[in-house]
Amino acid sequence: MSTASELTTGDRILRAVSAVAGFLPGGIVGFFAVVMILTAIPAIAFSGLNFFTGTTFTLGNLYAVTTITHNGVTAPHGAAYGALTFIVGTFATSIFALVLAIPVSVGGVLMLTEWVPRRLQNTLAVFLELLAGIPSVVFGLWGIVVFGPIMAQHVYPALTSIGNVIPWFKGPVGAGEGLLTASLVLGIMVIPIIASTTRELLRGVPVLAKEGAIALGMTRYETTRVVTLPYIRTGILAASLLGWGRALGETIAVLIVSGNALNVLPHNIYSPTSTIASTIAALLDAALTDFTGSAVHALAYLGLLLLVISLLTNFAGRLVIKRVSTGALPVGRGI
Amino acid sequence: MASRQTFRQLRASLFWIFCGVALLIIIIPSIDIIVSILKAAIPVIKPDIFTKTTAQGGLQNAILGTVYLGVGVLLTAGTLGVLGGLYIAEFAPARLASVLRFFSEVLSGVPSIVIGYIGYVTLVAKGGLGWHYSLLGGVLALGALILPYIVKTTEVAFSGVPRTLREGATALGMSRVQTIRKVLLPPALPGIISGLIIALAISTGETAPLLFTAGFSDLNPSASLINSPVGYLTGVTYNDLQLPGGNYQALANAAAGVTIVIILLLIFGGRLVTARSRRLVARMDL
């Protein structure tokens, strides 16, 4: 709506005031980027690329008077900032989460739209909305009190038999806090994003093409496979990338159910683990007591890395959406 | 021929069985989460948890803190988000609009813990503004998180108003302010309000951005915007979950239960308004 018809003074004032608000998100993004980069610079100088290869992340002896200096940056004695375990944990949990969430969301929504009567459909769609609205701390609480223990007692032991084929499935299965539990909880959290988008996408599938397939004598399954799924494929990819971004950055639920492992790479899929996001939340308190201030910078390095990864997945998702540009635009944060 | 037919049917059945199981995997956890949390919470939720603070085994300070934060978020991000959405939908030239929309989407992709961290470094810490843990810090962190959502829902609400109405307003010689106030706002309002309600629901459930900006307090929130930490419901669940002892676990459950009830009420409220707005716009479209 940019027709240059004459604007009154009131119009101009409203335009100016709302323009400030319109530019605000961009301003905040720029501000965030500058703060993260500036705060991370000392840590980048201190750790360099060891950050990506080291598996030891320790703030050092925060009560010692001795310090170490590297590239002009001082840190407490014994401090080392290697983030490999968190990087592995972040990618492992979020990718496993997608492996669960994508087929479940697509399959579940297909079932919903193809077989469930319309009335019941709307009721069941409410569940998707509820799932999207549940706070992550509640997912964490449920994950550690209800879901984790049930899985560790009844499901994970059965999975260990796969260990003969894929060694990563070998036990011990632990108490239900770890990589697999975190991935499953994350998966459940991502489902609403992918499922609600899939539902919107299904509405856009041309009826004529489906009717044509049925007229050719195809079964409902064949119509779905030949007409529906190819039509919504790209949209699902976009939603999955956005869901991935959410899973990468999820903090509290993962922090509660991941078992919070420091400095140990997972040795099987039940092992305790940590993600970049959960580590920032877990260590910021302790980092504040670092008299050299370098721990806070190290966490900024972690935050910057997380920011870059999640923005990349987000961009990728938006790019794919632009290419399909159906009406079904998922919004960033669930719901 | 018969065997081929059986094969087709078998493959279809297997596919739909998979889909049915998938649907159950979506539905069962959402029911189980709500049921098991409420089941654990209901015995603990007694009238006195609304009158005692967390220090005394109640939730009063956390409920008040969550309300204060919510009001603060609506006043800041709510106002600015609605204005920003209005600008993108009604004033910005198409190219600029798509750039602004892009940045808003980028902001919505920033992980909440990163927002919390930045809030800590810039607002709370001595190196920044030095506000200490505070209501304003929490409001601004939550606001940054929720702003893109409000911008988006507002923009969608305005651009959903049928073109014929705008043309009519222009033909009558109405100014832009008049058009927006008298013609566009009434049909857009339900969409904007439901966006704000859902935004409030999202911010009620957040923990990560608040941990290091609002901090946490066992006392009722004071009147001061800065220098005084604020308790909130999700913080009770997160903190007390980690403490040993049945009382803490019970309080964690109670807080989670109250949070869920608040959020469910908000979501249903938002749905009601959305349904109303759909009917309204459908009636106007000529």
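Convention: sequence-line order gives letters A, B, ...; per-chain numbering from 1. All figures in this text were calculated on a predicted structure; none of them were measured in a lab.
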### Task
Could you note down all residue pairs passing side chain to side chain donor-acceptor pair (under 3.5 Å) where residues 104-113 of chain A supplies at least one of them, sequence neighbours left out?
none

### Query
Which answer fits A:Ile144, side chain, backbone, both or neither, if we ask what part of it has an atom under 4.5 Å from a heavy atom of chain B?
side chain

### Query
Would a distance-only check, ignoring hydrogens and angles, find a side-chain to backbone donor-acceptor pair under 3.5 Å from B:Tyr117 to A:Val296?
yes

### Query
Which bit of A:Leu124 is near chain B, if near means a heavy-atom gap under 4.5 Å: side chain, backbone, both or neither?
side chain

### Task
Please name the pair of heavy atoms, one in B:Ala256 and one in A:Val138, separated by the smallest distance, quoted to 0.1 Å.
CB-CG2, 4.0 Å

### Task
Mind listing the closest non-hydrogen atom pair of B:Val114 and A:Gly303 along with its distance?
CG2-O, 3.9 Å

### Query
If contact means a heavy atom pair closer than 4.5 Å, which residues of residues 25-32 of chain B contact chain A?
B:Ile25, B:Ile26, B:Ile27, B:Pro29, B:Ser30, B:Ile31, B:Asp32

### Message
Checking A:Arg199 now: which residues fulfil salt bridge (charged side-chain N to carboxylate O under 4.0 Å, His left out) with it, not counting sequence neighbours?
### Response
none

#### Entry: Segment of A:Thr219 engaging chain B (4.5 angstrom heavy-atom cut-off)
both

### Query
When rounded to the nearest 0.5 angstrom, what distance separates CG in A:Leu141 from CD1 in B:Ile37?
4.0 Å

### Task
Rounded to the nearest 0.5 Å, what's the gap from CZ on B:Phe15 to CZ on A:Arg225? Could you check?
9.5 Å

#### Entry: Which portion of A:Ile256 sits near chain B, non-hydrogen atoms under 4.5 angstrom
side chain

### Query
Relative to chain B, which segment of A:Met189 carries a heavy atom at a distance below 4.5 Å: side chain, backbone, both, or neither?
neither

### Message
For A:Leu255, which atoms come within 4.5 Å of any heavy atom of chain B: side chain, backbone, both, or neither?
### Response
side chain

### Task
Name the member of A:Ala101, A:Ala277, A:Pro135 that forms the most heavy-atom pairs with chain B at distances under 4.5 Å.
A:Pro135

### Heavy-atom contact with chain B under 4.5 Å, split by part of A:Leu248
neither

### Query
What residue, out of A:Phe139, A:Phe315, A:Phe31, has the most heavy-atom pairs lying under 4.5 Å from chain B?
A:Phe315

### Message
Would you say CZ of B:Arg8 has more than 12 non-hydrogen atoms from neighbouring residues, nucleotides or ligands within 6.0 angstrom?
### Response
yes

### Query
Taking only residues two or more places apart in sequence, or in another chain, which ones meet A:Ser136 in a side chain to side chain donor-acceptor pair (under 3.5 Å)?
A:Glu250

### B:Trp16 side chain near A:Thr224 side chain, heavy-atom distance below 4.5 Å
yes

